[in-house]
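Inspection log for the structure reproduced underneath, given as structure tokens.
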Amino acid sequence: MLPLLNLVPVSKFSSFHQRAYQCFSSATSFLQKDTNFSTLFNSCVNVNLTKQLHALLIVFGKSQNVVLSTKLINLYVTLGDISLSRSTFNHINKKNIYSWNSIISAYVRFGRYNEAMNCVNQLFSNDLRPDFYTFPPILKACVDFDDGKKVHCCVFKMGFENDVFVAASLIHLYSRFRVLDVAYKVFVDMPVRDVGSWNAMISGFCQNGDAAGALGVLNRMKCEGMEMDTVTVSSILPVCAQSEDSVNGVLIHLYVLKHGLDTDVFVSNALINMYSKFGRLRDAERVFDQMEVRDLVSWNSIIAAYEQNDDPKTALRFFKGMQLVGIQPDLLTVVSLTSIFSQLSDQRVGRSIHGFIMRHEWIEKDVVIGNALVNMYAKLGDMNCAHTLFDQLPRKDVISWNTLITGYTQNGLASESIDAYNMMEECINIVPNQGTWVSIIPAYSHVGALQQGMKIHGRLIKNSLYLDVFVATCLIDMYGKCGKLEDAMSLFYEIPRETSVPWNAIISSLGVHGHGEEALQLFKDMLAEGVEADHITFVSLLSACSHSGLVDEGQNCFDIMQKKYGIEPSLKHYGCMVDLLGRAGYLKKAYDLVRNMPVKPDASIWGALLSACRIHGNAELGTLASERLLEVDSENVGYYVLLSNIYANTGKWEGVVKVRSLARDRGLRKTPGWSSVVAGSKVEVFYTGNQTHPKYAEMYRELRVLSAKMKNLGYVPDYSFVLQDVEEDEKEQILNSHSERLAIAFGIISTPPKSPIRIFKNLRVCGDCHNATKYISRITEREIIVRDSNRFHHFKDGICSCGDYW
DNA sequence: GTAGGGTTAG
């Protein structure tokens, strides 16, 4: 009743009340002692009128009439005032079972289960005998207590078990306690079932996520000739949404229309949510448009629909519409808002939502809202705020931790992410879940922490979670990124692969290892197994072609992606194509592609072109690309470095000086280059030019010896990779102190002879170091695996797997 | 005069 009142437009609201008041006044002006007061209750549409009626009952000496008092109790509850219900109840001298039932169900309706149970205990200590009506509310209250079984025994002893209302409550209770077999037993033992009994059983399965069970019961219901009602439909629709069963979902929608169930708010809300999950926003909006009455859930649902389907602007428009009709946002509205403003990258409004939440003290109320805020700050790239807020959360659950860990990983702060994960593992009450694994494994991949990643893999094997497609995909990616391509492959063949997700990961792994042909073959296999390619598949594929110099194949993929799959190329796809053409030396073609793009090229596109210019020493186009680049992103220092590289390689030292001073003026500093090497179970990190390592002298000696041997075999240092304008012998010294060279030297002196060396570099590997590593692999008879920010290089017997093409 | 089974989340 109450929410309905809220929905009456303000203009109509007053006349609605006026009418009720007139009705009430004209009825009460002729009151006599023997009036039938019951009829007056219908006019009491608000608490004030009810209070007046209450006063009249007292004046006419009817306040001890248990029938009228019980009516009052119920009326006050309907109007939302439980304390008036309670005082009315207290004033009855001779309470009967009706009044007890009313006050108990009143408390249950308000979720005040403790008080409901107190009443129950008082009732039991009186001489009154509970009846059929007493138990359903009690059973509902039992979800907060563990004595459901005790109440069931009581129900059983009193012979109420066969009452359809009591049985439905029992089914509901056992479902809530996740003992579906007992719930099902109650259900099948019922001698007579009404639609409510079927609904209780169906929703029991639904709320335990058992779609098949729910649909099974629904089917039987149909066979027995029982028609679905609004409750059945609103229980089953979320299941269709969750199991992506659009066939049944749409069939049920047709049923709804045919039987006129669409006037029910619950049904329409469930339909909106279902269509939203299917990504069918037009259908969701049509349902919303056709609703006669919309409540808070309807608005929240349509807002969330657009928010979750990446249309924050429309979501915001609906939020404004909601404010316009005077519906107050609740916690869930605000959760959507946090996501909307992180999608819109709107820091300012994001902060104001934070303020709004603080003013309403909602952080204390529900952990979800705090998590949503942490997530918002993380998505806005402000990990300081995210972490501060996280520390202040009054309650943290596993999702709070996952949000923090993911935030760090996605902002490229892998070691902070790992720190957060380690802190989480110290909390005894937090159990990591799927979300934890998919946020921590990528962090391990990022820093190449293979050992830790494998430890998690081992842990996941025990609970079979490694078969979860998302977790497994992270593991595949990790093995790929840590150089264990065979392990990535064998895991890939172990797991279910009906969706594109694991395929994309393995194709991308093959790509960064330079196995373009195999990547193309896997793409064919994927299609042969009937798996549909998506836009990410093509990013992986195009980048695989690019790494292997498969220009024609890449071009072909780019074409069929649009023509056969109808996928519009995104910036990522264009980036891959520019990279593919540029690296292969088709600089003009690459530039033409950029000029004719229907979308505005961003920094990554110009960056790809610029790095192609560096490879092919085209200073002219390089300068042009970098000019465009600095227009769209003048903050990224990497691009200044690339341009200064081009100038250095072409001997234009004045250009180098110009770029450097430009970067300096803008307060940008070069990202320090570092390389790490795995020695035993430890990971050692080296910075370029770092001479403070305890074993530096030993490493440097090793490098001198190697250098002499390399020169005998024909190695000539390539000084164009030295950016400083210094003397020749100093240049050699500089090359020898590159971080990747230091890491290799450390690997050689601290691991057994002929064992493989694994190196990670945060930037791209230097060209001279690449050449030198080939010689080193031959001299030391070692396999050297270098992963740089772009791809893998496997050095063996003096050659590199990338064929010097990178 | 009183009762059951239903929709939205990080």
Side-chain angles (χ1 to χ4, degrees), chain A residues 37-38 41 65-75 77 96-106 108-109 130-140 160 163-173 175 183 187 193-204 206-207 228-239 241 261 264-274 276-277 295-305 307-308 330-336 338-339 342 366-376 378-379 393 397-400 402-403 406 435:
Chain A
F37 282 89
S38 296
F41 281 81
N65 181 317
V66 71
V67 175
L68 294 174
S69 296
T70 308
K71 271 199 157 219
L72 268 179
I73 294 172
N74 295 320
L75 191 54
V77 171
N96 64 11
I97 189 63
Y98 297 110
S99 27
W100 280 102
N101 289 346
S102 293
I103 195 69
I104 291 168
S105 71
V108 171
R109 233 170 114 168
D131 64 2
F132 287 103
Y133 287 85
T134 320
F135 284 99
I138 300 181
L139 286 163
K140 197 169 183 181
F160 293 154
D163 179 81
V164 281
F165 285 79
V166 175
S169 304
L170 274 172
I171 294 167
H172 178 71
L173 182 68
S175 304
F187 176 73
R193 293 184 203 103
D194 69 354
V195 64
S197 332
W198 289 94
N199 289 342
M201 196 61 247
I202 290 170
S203 86
C206 292
Q207 271 151 16
M228 293 195 281
D229 70 356
T230 55
V231 178
T232 328
V233 169
S234 40
S235 316
I236 204 79
L237 284 176
V239 174
L261 304 181
D264 185 86
V265 192
F266 280 75
V267 169
S268 292
N269 292 348
L271 280 168
I272 295 172
N273 286 306
M274 181 186 75
S276 160
K277 293 243 164 66
D295 66 0
L296 178 61
V297 179
S298 327
W299 286 97
N300 281 348
S301 303
I302 195 75
I303 292 169
E307 171 254 304
Q308 284 164 5
D330 73 344
L331 216 124
L332 281 143
T333 325
V334 173
V335 167
S336 286
T338 59
S339 165
S342 56
D366 198 328
V367 64
V368 173
I369 197 100
N371 295 347
L373 268 182
V374 173
N375 189 38
M376 181 188 78
K379 292 264 160 62
L393 291 184
D397 64 2
V398 63
I399 296 182
S400 324
N402 294 351
T403 310
T406 313

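Each chain gets a letter, A, B and so on, in the order its sequence line appears, and its residues count up from 1. As the structure is a prediction and not an experimental result, all values here were calculated from the model.
Using a 4.0 Å heavy-atom cutoff across all strands shown, A/Thr403 reaches no nucleic acid atom at all. Among the atoms of the strands shown, none is found under 4.0 Å from any heavy atom of A/Val374. Across all strands shown, A/Lys277 has heavy atoms under 4.0 Å from sugar-phosphate atoms exclusively, and none from any base. Looking at heavy-atom distances under 4.0 Å, A/Ser197 makes contact with a base. Base contact: A/Thr230 has a heavy atom under 4.0 Å from a base atom. A/Asn74 comes within 4.0 angstrom of sugar-phosphate atoms only, judged by non-hydrogen atoms across all strands, and of no base. Base engagement by A/Val66 is indicated by at least one non-hydrogen atom pair under 4.0 Å involving a base atom. Counting any heavy atom pair closer than 4.0 Å across all strands shown, A/Val367 reaches a base atom. Heavy atoms of A/Glu307 sit nowhere under 4.0 angstrom from any nucleic acid atom. Using a 4.0 Å heavy-atom criterion, one finds that A/Val335 contacts the sugar-phosphate atoms exclusively.
Of the candidate nucleotides B/dA9, B/dT2, B/dG6, B/dA9 has the atom nearest to the side chain of A/Leu331. For A/Phe132, the side-chain atoms get nearest to B/dA3 when compared with the rest of B/dG6, B/dA3, B/dT2. Comparing atom distances between the A/Pro136 side chain and each of B/dT7, B/dG1, B/dG4 picks out B/dG4 as nearest. Picking from B/dA3, B/dT8, B/dG6 the nucleotide with the shortest atom distance to the side chain of A/Phe165 gives B/dA3. Comparing atom distances between the A/Ala270 side chain and each of B/dA3, B/dG6, B/dT7 picks out B/dT7 as nearest. Taking only side-chain atoms of A/Asn269, from C-beta outward, the nucleotide of B/dT7, B/dG1, B/dG6 with the closest atom is B/dT7. Relative to the side chain of A/Val297, the nucleotides B/dG6, B/dA3, B/dT7 differ in distance, and B/dT7 lies closest.
Donor-acceptor pairing under 3.5 Å, judged by distance alone, is present between the side chain of A/Ser234 and the base of B/dG6. For B/dG1, its base never sits under 3.5 Å from the side chain of A/Asn101 at any donor and acceptor pair.
Remark: of the listed residues A/Leu237, A/Val233, A/Leu261, A/Leu237 is the sole one forming a side-chain contact (heavy atoms from CB on, under 4.5 Å) with A/Leu271.
Atom pair A/His172:NE2 and B/dG4:P shows a separation of 10 Å (rounding to whole Å applied). With rounding to whole Å, A/Gln207 atom CD is found 14 Å from B/dG4 atom C1'. Going from atom CH2 of A/Trp299 over to atom P of B/dA9 covers 19 Å, rounded to whole Å. Summarising the geometry, the separation between CG on A/Asp229 and C1' on B/dT7 is reported as 14 Å, rounded to the nearest angstrom. Rounded to whole angstrom, the span from the CD1 atom of A/Ile171 across to the P atom of B/dG6 amounts to 11 Å. As a whole-Å value, the separation of A/Asp163 CG from B/dT2 P is 15 Å. A straight line from CG of A/Asn273 to P of B/dA9 spans 6 Å, rounded to a whole angstrom. Atom CG of A/Asp330 is separated from atom C1' of B/dT7 by 13 Å (rounded to the nearest Å).
A search for side chain to side chain contact (heavy atoms under 4.5 Å, CB included) contacts involving A/Leu332 returns A/Asn300, A/Asp330, not counting sequence neighbours. For A/Ser197, the side chain to side chain donor-acceptor pair (under 3.5 Å) partners two or more places apart in sequence, or in a different chain, are A/Asp194.
A/Asp131 and A/Thr134 share a side-chain donor-acceptor pair at under 3.5 Å.
In this model, the phosphate group of B/dG6 is not approached by any side-chain N or O of A/Lys140 to a distance below 4.0 Å at OP1 or OP2. At least one side-chain nitrogen or oxygen of A/Ser203 sits closer than 4.0 Å to the OP1 or OP2 atom of B/dG6.
Here A/Tyr98 does not lie in a stacked arrangement on the base of B/dT2, lacking the combination of planes under 30° and ring centres under 5.5 Å apart.
A donor-acceptor pair is defined here as one N or O able to donate and one able to accept, closer than 3.5 Å; such a pair exists between the side chain of A/Thr403 and the backbone of A/Ile399. Side-chain N or O atoms of A/Asn375 include none that pairs as donor or acceptor with a backbone N or O of A/Ala378 at under 3.5 Å. Under a 3.5 Å cut-off, the side chain of A/Asn96 and the backbone N or O of A/Ser99 do form a donor-acceptor pair.
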